[in-house]
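Below: one structure, written as structure tokens.
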Amino acid sequence: MIEFRNVNLDYPGHAAALSNIQLFIGKGEFVYLVGQSGAGKSSFMNLIIKRHLPTQGEVLVGGVPLSRYRGAATAGLRRQIGMVFQDNRLLPHLNVFDNVAFALRVTGVPQREWQTRVLGALRTVGVEDKRTAWPLQLSQGEQQRVAIARAIVGEPLLLLADEPTGNLDPENSREVVKVLQHVNLRGTTVLVATHARELVESYRHRTITLRQGRLVRDDPHGGYQL
Ligand SMILES: Nc1ncnc2c1ncn2[C@@H]1O[C@H](COP(=O)(O)OP(=O)(O)OP(=O)(O)O)[C@@H](O)[C@H]1O
Ligand SMILES: [Mg+2]
């Protein structure tokens with residue numbers, strides 16, 4: 001599903017944000033990406049959605065090198081990838097239903113199917129009863145679940161979550177991980193960047209550790225160790 005071949009990423013003024021990353025993540029895997037602040041986790045994700053280009057090497061998604069994608073094809077690639085951010089970025093002037101429906105606008109799903117799809121996604125994350133609420137009427141955990149619903153409503157092959165529990169208390173954090181695991185069990189490949197040691201230890205999955213841009217550990221059994 002995702003392959004990094006000898007990938008280096010230098011930013012202007014910051015060499016070696018990622019160094020010589022070599023890695024394969026298969027379809028249907030659930031993978032944590034851990035490492036200290038500045039280790040390169042967000043950079044890693046940004047390469048997968050082609051927000052940045054590697055300085056050297058190649059990133060492949062679904063076996064296709066991203067350098068082959070141009071313009072509209074890049075937009076098509078991004079439609080197959082759901083993204084969840086630390087700050088959920090819900091639109092405050094739209095209710096829960098419309099926040100999720102809004103994401104369908106770009107996917108080409110016919111409008112007559114929107115309702116079913118949106119309700120299905122809200123049900124998956126357990127906030128169906130909040131569909132007419134405004135984002136600010138929801139707890140942080142509920143907001144984050146809506147953000148996950150928005151990321152999965154287009155039925156992406158791949159879900160990237162960058163610090164999805166960063167603003168949540170332990171209980172809501174566990175709920176969010178359970179929702180991500182549930183999405184994974186339905187076939188979506190899930191990659192989660194996180195600092196949350198407790199989650200990585202309790203819900204074990206393959207864990208990749210970055211340190212100063214280098215991949216220093218790739219443990220199929222998981223566990224948190226920087
Ligand atoms: N746009 C940019 N321009 C220059 N340097 C950048 C840019 N984005 C990130 N960096 C640098 O690249 C390194 C990796 O940053 P990145 O955001 O990937 O880390 P991270 O592991 O996601 O950290 P955090 O846990 O704080 O989110 C850092 O040293 C950062 O300062
Ligand atoms: Mg980051």
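Computed from a prediction, not measured in an experiment: that's the story for all the values here. Below, all heavy atoms of this structure are taken into account, side chains as well, without hydrogens, waters or symmetry copies. Every number for a ligand or one of its atoms is a count from 1 in the order of the listing.
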Per the side-chain contact (heavy atoms from CB on, under 4.5 Å) rule, which among V100, L159, V190 passes with I152?
L159
For side-chain contact (heavy atoms from CB on, under 4.5 Å), just list the numbers for V200 and T194, CA-CA rounded to whole Å, side-chain angles, deciding distance to a tenth of an Å, and then say yes or no.
CA-CA 8 Å; V200 174; T194 184; 3.6 Å; yes
Any N/O/S of M45 under 2.8 Å from the Mg ion (ligand 2)?
no
Determine, for R5 against E58, whether the closest basic-nitrogen to carboxylate-oxygen distance falls under 4.0 angstrom.
no
Charged N to carboxylate O below 4.0 Å: is that the case for E175 and R145?
no
Grab the two heavy atoms, one from L122 and one from F97, that are nearest each other, plus how far apart they are.
CD1-CA, 4.4 Å
Centroid separation F44 to F4 less than 6.0 Å:
yes
Heavy-atom contacts under 4.0 Å to ligand 1, chain-then-number order, include exactly Y11, H14, A17, Q36, S37, G38, A39, G40, K41, S42, S43, H195
